[in-house]
Novice: 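Dropping the structure in here first, questions after.
Whatever order the structure lists them in is the order used to number ligands and atoms, beginning at 1. Every value quoted in this text rests on a predicted model; they were computed, and no experiment measured them.
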Amino acid sequence: MAVAGHSSGFAPIVFVAMSETIYPALFSAVKHDLWHAAEPSIWSLAMDAPQEDPAQSIMRTLWDQPRWLEAYHLYDDRGAELFEKICELPEYYLTRTENGLLERESNRIIDAAPVACIVELGAGSAKKTVHLLKAQVAQRGSSIFAPIDVSLPGLRASKDFVRIHFPQVEFHGLHAQYEDGFSSISRDLPTLFVFLGSTIGNFNPASFVRFFSRLSHAMGPRDFLLLGADRVKDVDVLERAYNDSRGLTADFILNIFHNINRLTGSNFSRDKMRYDSGFNRQWAQIEMYAVSSAMQEIVFSSFGASFRWPKEDRILVEISRKFDPLRLQQQLSFFDLTPMAHYTDAREWFSLLLFKKVSPEFAKT
Ligand code: AVI
């Protein structure tokens, strides 16, 4: 920055040295304007890029009947930390099982998907991706790795991890919601999109359709998708995973109201609610609720709105759908995603599914 000298009473003129941002091959050229480097190797959406306002999403779904919330509000800094701890719980078999599968199968997955870039949706600290990165570096020497996450601390942890363990890998963290992130990735760069942890289970049917339509649209003809999906199994095993003995899941779910109070000026109180969860067989999903323990008035001071929350009334905070892998493969073929491989563990509790994008014209013939 240079300051021009001034002799009169005028304010100094400040010249700002404008530096040209160099965008990585990762981004499609038409999307460059949407991104700026928030810090080295971490990109954020420009302020004026169209984004959903989280407070508005909360107000919209809390005024639905029954009341519900979108899962991404769970991941403020404390929520992200609590989720990392849940992944280590003995009852929460998902992370360990999927990790075992990735350890066993990453070489074969990378062999089947000849890509130059791995884009992970919601990577957290990228611990699970280590096996894929290892295989990618072993088979191709180098790679781009781009996790997309709403948690900045998670992206920083991922960046540090990759720097230390994979110096050959070019890291670009995208601080954004999944859809804002993946729709900016260049279709010309052969990419493996990775969506692990059965996060797809947290989408309701409408969000599921929207997500896969947009993801498939964003994918180029040489792109692949690796999806981790938790399977329908014994109800006791499922229910224990979402009602752990240490109460971490309850803390994680009810922590969302702390985030909501911050975003909307509301007065939800942890002392006036409890956690309840269970498996809904008809919908094949675990449902996680906040239950009001007293008649109360919830006021949203930033919006000049309020509602009465009666005793025993429930807000559906999160669902976790459980899948039949063959059915999931059939469903995704309607989004031009062709099944390439299916890996599962000895108990058949969890599935890793590999898909390839086929262009719609090709799919018709
Ligand atoms: C991130 N997601 C896949 C977790 C799940 O299992 O549905 C979130 C979670 N909620 C409670 N425990 C874990």
Side-chain angles (χ1 to χ4, degrees), residues 68-99 101-102 120-129 147-151 153-155 158 177-178 194-205 207-208 211-212 226-259 273-280 283-291 314-323 325 328 345 349-353:
W68 65 287
L69 290 163
E70 290 194 271
Y72 74 89
H73 303 299
L74 286 162
Y75 297 90
D76 62 357
D77 291 355
R78 179 158 160 72
E81 239 173 69
L82 283 166
F83 181 61
E84 291 279 313
K85 289 190 180 144
I86 287 174
C87 292
E88 284 161 23
L89 285 170
E91 296 97 328
Y92 196 75
Y93 58 85
L94 287 81
T95 314
R96 268 188 311 281
T97 314
E98 183 181 55
N99 197 53
L101 276 173
L102 284 166
E120 184 169 7
L121 312 180
S125 57
K127 276 186 214 137
K128 288 180 287 191
T129 329
I148 304 172
D149 208 306
V150 289
S151 162
L155 286 174
S158 173
Q177 289 186 30
Y178 306 135
V194 177
F195 198 26
L196 298 176
S198 202
T199 303
I200 193 60
N202 301 130
F203 292 174
N204 63 31
S207 317
F208 179 97
F211 176 83
F212 282 110
L226 181 67
L227 192 63
D230 194 21
R231 299 173 59 152
V232 177
K233 61 181 68 60
D234 181 77
V235 174
D236 286 344
V237 174
L238 285 171
E239 291 191 336
R240 264 201 305 276
Y242 293 88
N243 196 6
D244 63 279
S245 47
R246 286 180 55 194
L248 279 178
T249 310
D251 280 352
F252 171 68
I253 294 297
L254 299 185
N255 176 65
I256 200 171
F257 294 98
H258 186 259
N259 198 21
M273 62 175 80
R274 66 184 160 79
Y275 172 65
D276 190 27
S277 66
F279 186 62
N280 178 332
W283 289 84
Q285 63 190 24
I286 291 279
E287 295 174 355
M288 290 161 267
Y289 292 95
V291 187
R314 299 155 165 258
I315 296 175
L316 179 59
V317 176
E318 195 185 30
I319 56 167
S320 193
R321 295 169 68 198
K322 305 300 161 191
F323 298 94
L328 194 52
D345 54 294
W349 278 11
F350 201 94
S351 287
L352 277 179
L353 301 165

Novice: Which atoms of ligand 1 are found less than 4.0 Å from any heavy atom of M288?
Specialist: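 Answer for ligand 1: 10 (N), 11 (C).
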
Novice: So, does E91 use its side chain to make a donor-acceptor pair with the main chain of S245 at under 3.5 Å?
Specialist: yes

Novice: Side chain or backbone, does K322 bring an N or O within less than 3.5 Å of an N or O on ligand 1?
Specialist: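 In this structure, K322 places no N or O atom under 3.5 Å from an N or O of ligand 1.
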
Novice: Give the ring-plane orientation class for F203 versus F195, where under 30° counts as parallel, over 60° as perpendicular and anything between as tilted.
Specialist: tilted

Novice: Looking only at distances, please establish whether an N/O atom of ligand 1 is found under 3.5 Å from an N/O atom of Y92.
Specialist: yes

Novice: Is the Y75 to F252 ring centre distance short of 6.0 Å?
Specialist: yes

Novice: Do N243 and T249 come within less than 4.5 Å of each other through their side chains, counting heavy atoms only?
Specialist: no

Novice: Can you list the atoms of ligand 1 that are under 4.0 Å from a heavy atom of Y242?
Specialist: 5 (C), 6 (O), 7 (O), 11 (C), 12 (N), 13 (C)

Novice: Can a donor-acceptor pair be found, under 3.5 Å and without considering hydrogens, that links the side chain of D149 to the backbone of L121?
Specialist: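 A pair under 3.5 Å: no.
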
Novice: So, the side chain of R96 versus the backbone of L89: is there a donor-acceptor pair under 3.5 Å, distance only?
Specialist: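 Side chain of R96 to backbone of L89: a pair is present.
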
Novice: Which of the atoms in ligand 1, numbered in the order shown and given with their element, are less than 4.0 Å from a heavy-atom of S198?
Specialist: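 With S198 as reference, the close atoms of ligand 1 come out as 3 (C).
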
Novice: Does an N or O from T249, backbone or side chain, lie closer than 3.5 Å to an N or O of ligand 1?
Specialist: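 No, there is no polar N/O contact under 3.5 Å.
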
Novice: Side chains of L69 and F257, heavy atoms from C-beta outward: is any pair under 4.5 Å?
Specialist: yes

Novice: Please work out, at 4.0 Å between heavy atoms, whether the side chain, the backbone, both, or neither of L74 comes within that distance of ligand 1.
Specialist: neither

Novice: Would Y75 count as being in polar contact with ligand 1, using the rule that some N or O on each side must be under 3.5 angstrom apart?
Specialist: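 Among all N and O atoms of Y75, none is under 3.5 Å from an N or O of ligand 1.
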
Novice: Tell me: protein heavy atom nearest atom 7 (O) of ligand 1, and distance?
Specialist: S320 OG, 2.6 Å

Novice: Is the backbone N or O of Q285 less than 3.5 Å from a side-chain atom of N280, with the two atoms forming a donor-acceptor pair by type?
Specialist: no

Novice: Identify the closest protein heavy atom to atom 2 (N) of ligand 1: which residue and atom is it, and at what distance?
Specialist: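 Here the nearest protein heavy atom works out to N202 OD1, 2.8 Å.
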
Novice: Does ligand 1 have an atom that lies less than 4.0 angstrom from a heavy atom of G197?
Specialist: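 Contact present.
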
Novice: Among all protein heavy atoms, pick the one closest to atom 8 (C) of ligand 1 and tell me residue, atom and distance.
Specialist: E318 OE2, 3.4 Å

